[in-house]
Amino acid sequence: MAYQLCVDRSADRSTRAAKRDQPGENGTLTMPPAAAVEKRPASETKTTTINLRVPRQTRDLIDTAANVVGKTRTEFMLESAKQHAIDVLIDQKLFSLNEAQFEAFMDVLDNPPPPSSRLKRLFAEKSPWET
């Protein structure tokens with residue numbers, strides 16, 4: 001039997017843990033995402049400018065949607081772009097494993113090695129959308 005593991009982007013950790021421990025359809029298991037991203041230099045300014053050229057119809061659509069949620073065009077576009085960027089960075093990944101690989105993978109999950117200093121530094125860093 002082949003197993004497939006999927007990264008689960010849901011925010012609820014208890015749901016993710018339950019999904020990880022119980023195979024779904026076709027032996028698919030889910031696991032939480034992890035990503036390493038380069039750190040920005042401290043010399044960068046806190047804000048910067050982004051200029052866009054868009055068709056008038058697109059701008060009007062964005063303005064209408066922004067008004068519906070009570071935001072300015074800038075707030076709406078920044079929030080939407082930021083959320084999409086986060087989704088892209090933690091997008092779902094699919095792993096196909098045979099039974100022996102699956103058992104080895106689950107063994108590592110159930111009995112993880114102690115965290116290395118490199119891993120500790122990684123988890124101490126903020127995600128790119130938190131800076």
Side-chain angles (χ1 to χ4, degrees):
M1 174 177 201
Y3 292 90
Q4 295 179 336
L5 301 175
C6 298
V7 176
D8 185 355
R9 298 183 319 176
S10 67
D12 183 0
R13 289 181 182 198
S14 61
T15 302
R16 286 193 311 224
K19 286 181 184 177
R20 187 195 83 200
D21 296 336
Q22 298 180 2
E25 296 177 29
N26 303 322
T28 300
L29 295 177
T30 56
M31 58 182 280
V37 180
E38 258 184 66
K39 193 173 181 180
R40 294 184 199 171
S43 61
E44 286 188 18
T45 59
K46 293 192 184 245
T47 62
T48 189
T49 302
I50 300 174
N51 294 311
L52 300 170
R53 293 198 179 274
V54 297
R56 187 178 312 272
Q57 186 177 9
T58 301
R59 186 203 60 200
D60 293 345
L61 175 66
I62 292 167
D63 288 347
T64 301
N67 286 332
V68 166
V69 294
K71 296 182 184 274
T72 66
R73 180 188 306 146
T74 299
E75 291 168 335
F76 182 82
M77 290 182 69
L78 183 59
E79 182 180 292
S80 299
K82 183 177 177 182
Q83 186 57 53
H84 185 66
I86 290 169
D87 290 345
V88 166
L89 291 174
I90 58 174
D91 200 5
Q92 291 185 348
K93 304 291 181 203
L94 177 66
F95 304 93
S96 293
L97 307 173
N98 64 34
E99 193 163 348
Q101 292 168 327
F102 171 77
E103 290 301 325
F105 182 78
M106 291 305 292
D107 185 53
V108 170
L109 287 179
D110 292 337
N111 304 298
S116 66
S117 59
R118 185 175 174 202
L119 183 62
K120 289 177 184 177
R121 282 193 311 272
L122 175 64
F123 281 114
E125 292 179 8
K126 288 185 177 184
S127 298
W129 52 87
E130 295 175 326
T131 57

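Throughout, numbering of the chain's residues begins at 1 and tracks the sequence.
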Rounded to the nearest 0.5 angstrom, the CZ-CG distance for R73 and D63 is 4.0 Å
Sorted by chain and residue number, the salt bridge (charged side-chain N to carboxylate O under 4.0 Å, His left out) partners of E79 (sequence neighbours excluded) come out as K71
Query raised in the report: Does Q101 reach the side chain of N98, with side-chain heavy atoms less than 4.5 Å apart?
Result: yes
When rounded to the nearest 0.5 Å, the distance separating CG of L78 from CD of Q83 is 11.5 Å
dist K82:NZ -> D87:CG (nearest 0.5 Å) comes out at 12.5 Å
- Query: Any side-chain heavy-atom pair from M77 and L52 closer than 4.5 angstrom?
  - Reply: yes
Hydrophobic clustering (ILVMFWY, side-chain heavy atoms < 4.5 Å, transitive) - are M106 and V108 grouped together?
no
In short, salt bridge (Lys or Arg N to Asp or Glu O under 4.0 Å) pairs touching residues 114-124 with sequence neighbours left out are none
Between the CG atom in D60 and the CD atom in Q57, the distance rounded to the nearest 0.5 Å is 8.0 Å
Applying side-chain contact (heavy atoms from CB on, under 4.5 Å) to S80 and not counting sequence neighbours gives F76
To the nearest 0.5 Å, atom OG of S116 lies from atom CG of L122 at 9.0 Å
Taken to the nearest 0.5 Å, the spacing of L109 CG from D107 CG works out to 9.0 Å
